[in-house]
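Being a predicted model, the structure only gives us computed values, none of them experimental. The figures here come from the full heavy-atom set of this structure, side chains too, leaving out hydrogens, waters and symmetry mates. Every number for a ligand or one of its atoms is a count from 1 in the order of the listing.
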Amino acid sequence: MSYIDNCCINALRVVGAEMITKAKSGHPGIVLGAAPIVHTLFTKHICISSNDEKWFNRDRFVLSAGHGSTLLYMMLHLSGYGITMDDLKNLRQKGAMTPGHPEYGHTPGVEITTGPLGQGIASAVGMAIVENYLSAKFNKPDFNVIDHYTYVLCGDGDLQEGVAQEAMSLAGHLGLNKLIILYDSNDIQLDGEVQQANTENTKMKVEAMGFEYIRVEDGNDVDSLDQAISNAKLSNKPTLIEIKTIIGYGAPNSGESSIHGKPMPVEDVKELRKFLAYNEPEFTFSDDVRKYYEDNVKTRGYNACSEWNHILSTYANKYPEDYQEFQKFIFDDFEIEDLNGIPTWEVGSSESTRKEMGAILDWLSTKLPNIIGGSADLTASTMVKGADGIYGQSNPLGRNIKFGVREHAMAAITNGITLHGGMRGFCSGFFVFSDYLKPAVRLAAIMGLPSLFFFSHDTVCVGEDGPTHQPVEQLTMFRCMPNTNLIRPADSKEMTAAMLLAFSHDNTYPTIVTSSRQALPNLAETDQDKVKFGAYIAFEAKKNADYAFISCGSELNLCIDAAKKLKAQGIDVNVVSMPSMFLFEKQSNEYKNSILPKGQKRMAVEMGTSMPWYKYASYVKGINEYGKSMPIKYIFDEYGFTVDKICNEFLENVR
Ligand SMILES: Cc1ncc(C[n+]2csc(CCOP(=O)(O)OP(=O)(O)O)c2C)c(N)n1
Ligand SMILES: [Mg+2]
């Protein structure tokens, strides 16, 4: 290791420890242990440009071990991302640029929000998929317009997570050789030694998954780290570099789990300084250290970015059509100018909304060449698939990703696809198994990411498969998730609107669209143009009627029939279709009051847990128990979702 490398690493260790001690909160273990890893990666390999933070062909760096945020903030500080020393001193404080875990959209240079272990690895796989797809589509023998690596720093905990295993297994299968995972292997985790919980052979395991395995025996050995990364870049497989480190290196309690997540006492920071023979003042990166980052990270990135701009302009001359198309991908510049040819269904016909969802998506795929996705081995049921054949090594331009039964990774990969830019990701499964991927939807919501999640079989009407397959509480789960748009369309018109809203350009939230297994009538009363308001009056028995049903999805048609039946008896009940509570809440008070007038008595009807509806209705007909296995024809009667029973419940409880 050179003298300057040593100076830099010592500085990172000391300033990192000082930041955490000052914050009285944070994770010094990984900072002290993995400083040489990020230092080597940033100063000798990574191509990023603080002059053009969003430079499309930059390497992506994912800090899957989000608790190591301090390391990332120091890298961004030294690499010119506008993170000041004051920001570093402000670690984890109210309003800081340097929050507890990295937050996408909050701190410049942060590629993804991480913290929930494992998901970073999976999202990195999504980023690597986009790099691979776009390089196959746009590179020419003499021009690599897309050609970057996706690097991950992870710890023991990340690799214990199922989501990481799912994603790595898929990455190996897909041969994503530009994915390089740097594993901070320190044999310690929060509660103690890793071997208390995990004794498998990492090398054999990742090799079996189709990864290249490289081991670095001494995590302080910059030359070996450098060589390992260089070797990984040459591999035709994704690579995991296992780097043996000592957690909390240089702290009095190094090598122990107590250094994982507790700030070092001031005395211990002094000991660290002594151990490293480090004499700079507090919170100081020497001019030499700053210059080294300047000369390496900044200069390399600047040069690479300039060179890329040059390559791109020559490419534009030589391949003008490809260039135009590439720009459209980069800026997501595909408009659906008219809906000519989009599948439609006659009023009065009947079809399952899942079939409608699939058919509309297939049509959208022909208009939006930058969308890619698939399902977790359920395309035959959800009807959701990408276009152009199965994506893989033999068909890198396929847009149908066969995720396998790996829901959590599927959703986190979808986030990675969307985060990378240039493509938009979608995925699908049975609604009940949204439980398996909820954490990734939550991260999409936190990041304000327009990832798309399409689910079929959205009620107990799944039937014969029984309670394990019958969703009940999932609608409630997503409706109470902040910044998440759940749309539950009632028929083909509402489904069309939902899919168009899902793919619209300016969404700053994930969209979930649910669909029915069973055929539903295509209604005269629904209005494609009003779905964007979240709710609208679908059937008006009387202006400002004293009563209303509120419903959505497969129950809307029952409510309309019930209202018509009551009307025949001289009782005026309006019907509000509410496919999206999220969109409805965004409307003006005036609009909301026009749909749900004050003083009106309302009954909500939905085959799911009642809870969210009490905001809008005084009486809710829901299902607040798990389902039962039976053919669908018995389900409606069993749970009281027939026109007669809805009318009776209304008369008994609401009127
Ligand atoms: C999904 C998830 N579960 C639990 C945690 C809490 N947590 C954060 S770090 C950590 C220990 C992880 O061990 P390792 O990756 O080895 O990190 P190290 O202690 O080596 O820094 C835990 C349990 C988390 N952030 N995410
Ligand atoms: Mg560890």
So does Asp458 pair up with Arg488, basic N to acidic O under 4.0 Å? yes
Report the relative orientation of the aromatic rings in His148 and His420; use parallel for angles under 30°, tilted for 30 to 60°, perpendicular for over 60°. parallel
Would you indicate which of Ile188, Thr245, Asp184, Asn198 comes nearest to atom 16 (O) of ligand 1 when only heavy atoms are counted? Ile188
Can you report which non-hydrogen protein atom sits closest to atom 2 (C) of ligand 1, along with the distance? Leu117 N, 3.6 Å
Please determine whether a side-chain nitrogen of the Lys or Arg among Asp187 and Lys244 lies less than 4.0 Å from a carboxylate oxygen of the Asp or Glu. yes
Got an N, O or S from Gly29 under 2.8 Å of the Mg ion (ligand 2)? no
Would you say Asp156 reaches the Mg ion (ligand 2) with an N/O/S atom under 2.8 Å? yes
Please list, in number order, the atoms of ligand 1 under 4.0 Å from a heavy atom of Gly115. 24 (C), 25 (N), 26 (N)
Closest non-hydrogen protein atom to atom 17 (O) of ligand 1, residue and atom name please, with distance? His67 NE2, 3.2 Å
Which class fits the ring pair Tyr292 and His39: parallel under 30°, tilted 30 to 60°, perpendicular over 60°? parallel
Do any of the N/O/S atoms of Gln189, backbone or side chain, fall under 2.8 Å from the Mg ion (ligand 2)? no
Could you find the nearest protein heavy atom to atom 3 (N) of ligand 1 and give me its residue, atom name and distance? Glu161 OE2, 4.1 Å
Atom 20 (O) of ligand 1: closest protein heavy atom, distance to 0.1 Å, is Asn186 ND2, 2.7 Å
With a 4.0 Å cut-off, would you call Glu18 and Arg273 a salt bridge? yes
Are Pro116 and ligand 1 in contact, using a heavy-atom cut-off of under 4.0 Å? yes
Measure the distance from atom 15 (O) of ligand 1 to every protein heavy atom, then report the residue, atom name and distance (to 0.1 Å) of the closest one. Gly157 N, 2.7 Å
Specify the protein heavy atom at minimum distance from atom 13 (O) of ligand 1: its residue, its atom name, and the distance to 0.1 Å. Gln189 CB, 3.2 Å
For ligand 1, which atoms have a heavy atom of Ile30 less than 4.0 angstrom away? 21 (O)
Thinking salt bridges, do Asp5 and Lys44 make one under a 4.0 Å N-O criterion? yes
Going through the checks in order, is the side-chain contact (heavy atoms from CB on, under 4.5 Å) test met by Ile241 and Ile180? CA-CA 7 Å; Ile241 307 176; Ile180 298 175; 4.0 Å; yes
Establish whether atom 22 (C) of ligand 1 and some protein heavy atom are separated by less than 4.0 angstrom. yes
Is the Phe478 ring parallel, tilted or perpendicular to the Phe455 ring (thresholds 30°, 60°)? parallel
Among protein heavy atoms, which sits nearest to atom 9 (S) of ligand 1, and what does the distance come to when rounded to 0.1 Å? His260 CE1, 3.2 Å
Does Gln160 have a heavy atom less than 4.0 Å from any atom of ligand 1? no
Nitrogen or oxygen atoms of Gly155 and ligand 1 under 3.5 Å apart: no
Residue among Ile112, Leu179, Ile417 satisfying side chain to side chain contact (heavy atoms under 4.5 Å, CB included) with Met127: Ile112
